[in-house]
Amino acid sequence: MRWIITIVILLALEVYAFQAFRTLFKFWWSLSVYVGVTVVVLGLLFYSFYQPSPHGSLTGFRAYMIGFFLSIMALKLSVILWMFGEDIVRGSIFIYRKLSTSSPDHLPSRRKFISTIALGLGAIPFLSLLYGMYKGKYNFKVLSYELEFDNLPEAFDGYQITQLSDIHSGSFDNTKKIEYAINLVNEQNSDAILFTGDLVNNLADEMTPWTSVFKKLKAKDGVFSILGNHDYGDYYDFDSKDKKQENFEALLNIHAEMGWDLLRNENREIKRGESKLKLIGVENWGKGGFKRAGDFDKAADGVDPKDFKILMSHDPSHWDEVIKTHEKDVQLTLSGHTHGMQFGIEIPGWFKWSPVQYRYDQWAGLYKNAKRFINVNRGFGYLAYPGRVGIWPEITVIKLKRKSASEV
């Protein structure tokens, strides 16, 4: 039934969009090419969903067909919006003339230049989505922040962390690009590297080709990690509960094999002389049906409210719902999960937009509530749509600074 409804909606959109293309392309062969491309992409898209997917997710051939379909639909929807606006004007003119003169018996014809403008503007998202698949998904950016805190121990003034999130290794298809990104992380020479969840899409063996690459991540105080919603295998149809548990344990072993310190509702202490910093890591906690294995109270057991704390929590809704007002006073939370939807527009310091902002209040970058910060990393990898447009893969570097006595 879902397929039938989807097909009916697509056909309705196709018929409407076809009117604009028919206005532009008068020759039968050009219209035939338009129809042919549409049929081929739709056919391959449906075909891809009936083919085996080794990791049970939207990757490989299936992901690329989704990408091509979204690119073409972006073009057509843009055209449809312009056409709909023109049709409102045409209809209004027709009704006005009919009521005032009773002479017209048909709608004014569509204007070719409107269809031309619509097609030209529609080409922007179309080409952008294609670029996102070709290069955007590996267009790694290092985003640096310097944050001041009045209760940061003096020994940690200048302490630097690098945050990674949402690796989604099962989606990767270019070893050289990933190796370049790992080198870029190490070049930051941070005191600690913190990974905030979603190592894989579904299965532990997605990391098999990449374990040796990510094992090269190095930091003075080590690499620390937590789990994200995809790491539990909840989106894969396992043969049995035992198989699912085996997969989960294999994933935990991979963290250990790479030398990453996995925090599962736990905390660690990083020391500089007599001073200390508390690193807290919770399992996934999300709203809207996402897994809630995270237990902050358990993770923060033994942590003094006066300690300086960094929390790793995959889903930013956890900060919004629980952490930003918690009595333990977490100064800095690091999250990911949203990917910034892998699509949006960002002009640093001026404008930032993505459809995901209508789902999450904190969806990309740095946010502050009173004296408490959260950074939502845009993600290292990608999922489903095999690309990124405007919201690039991110390596976050945060330097902690102590406020001087005169500033406090």
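Since the structure is predicted, the reported quantities are computational estimates derived from the model, not experimental observations.
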Could you tell me the separation between the [atom1] atom of [X] and the [atom2] atom of [Y], rounded to the nearest 0.5 Å?
X    : Y    : atom1 : atom2 : answer
F296 : I323 : CZ    : CD1   : 4.5 Å
N375 : L332 : CG    : CG    : 7.5 Å
N186 : T162 : CG    : OG1   : 9.0 Å
E257 : L251 : CD    : CG    : 11.5 Å
R292 : S317 : CZ    : OG    : 7.0 Å
E179 : K216 : CD    : NZ    : 5.0 Å

Note: [X]-[Y] ion pair, threshold 4.0 Å (strictly below):
X    : Y    : value
D329 : K309 : no
K141 : E394 : no
D157 : R272 : no

[X] side-chain N/O to [Y] backbone N/O, donor-acceptor pair under 3.5 Å:
X    : Y    : result
N265 : D295 : yes
Q357 : S354 : yes
T338 : W363 : yes
R388 : G381 : yes
S78  : L75  : no
E206 : L203 : yes
R268 : G281 : no
D301 : K298 : no
Q342 : I391 : no
D231 : L199 : yes

Counting neighbours of [atom1] on [X] that are heavy atoms of other residues, nucleotides or ligands and sit closer than 6.0 Å, is the number greater than 12?
X    : atom1 : answer
N174 : CG    : yes
K401 : NZ    : yes
Y180 : OH    : no
K328 : NZ    : yes
K352 : NZ    : yes
K220 : NZ    : yes
Y145 : OH    : yes
F61  : CZ    : yes

Is the shortest side-chain heavy-atom distance between [X] and [Y] below 4.5 Å?
X    : Y    : answer
T333 : H318 : no
D166 : Y382 : no
P316 : H337 : yes
W319 : V330 : no
F343 : Y385 : no
H314 : D198 : yes
Y64  : F69  : no
T396 : L334 : no

For [X] against [Y], the heavy-atom pair lying closest together:
X    : Y    : answer
S335 : I374 : OG-CD1, 3.7 Å
S165 : T196 : OG-OG1, 2.8 Å
I395 : A181 : CD1-O, 3.9 Å
G294 : W285 : O-CD1, 3.5 Å
L277 : L400 : CD1-CD1, 4.0 Å
Q362 : V376 : O-CG2, 3.8 Å

Cationic tip of K291 above Y232 ring, under 6.0 Å, 45° of axis: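 Yes, K291 and Y232 form such a contact.
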Ignoring hydrogens and angles, state whether a donor on the side chain of [X] or [Y] is under 3.5 Å from an acceptor on the partner side chain.
X    : Y    : value
D242 : S240 : no
D320 : Y367 : no
H230 : N284 : no
K76  : T38  : yes
Q188 : S190 : no
S275 : E154 : no

The criterion is side-chain contact (heavy atoms from CB on, under 4.5 Å); which residues satisfy it with E269, sequence neighbours excluded?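 Testing E269 for side-chain contact (heavy atoms from CB on, under 4.5 Å), a comparison that skips the adjacent residues, returns K271, K276, K278.
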Would a line drawn from the ring center of F373 to the ring center of F149 be shorter than 6.0 Å? yes
Just do the side chain to side chain contact (heavy atoms under 4.5 Å, CB included) check on Y159 and D221 with the steps written out, would you? CA-CA 11 Å; Y159 192 85; D221 290 322; 2.6 Å; yes
Specify whether F172 and F214 have parallel, tilted or perpendicular ring planes, treating 30° as the upper limit for parallel and 60° as the lower limit for perpendicular. parallel
Taking the inter-plane angle between the rings of W392 and Y131 on a 0 to 90° scale, is it parallel (under 30°), tilted (30 to 60°) or perpendicular (over 60°)?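 Correct class here is perpendicular.
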I would like to know whether K244 and D234 meet salt bridge (Lys or Arg N to Asp or Glu O under 4.0 Å); could you show each step before the answer? CA-CA 8 Å; K244 183 177 181 180; D234 289 344; 2.7 Å; yes
Set out, in order, the CA-CA distance, both residues' side-chain angles and the distance that settles side chain to side chain contact (heavy atoms under 4.5 Å, CB included) for L143 and R378, then state yes or no. CA-CA 10 Å; L143 301 184; R378 294 160 180 80; 3.3 Å; yes
Pair D315, N229 - check side chain to side chain contact (heavy atoms under 4.5 Å, CB included), show working. CA-CA 8 Å; D315 192 317; N229 56 300; over 6 Å; no
Side chain to side chain contact (heavy atoms under 4.5 Å, CB included) between I161 and D191, intermediate numbers included: CA-CA 6 Å; I161 59 178; D191 295 287; 5.8 Å; no
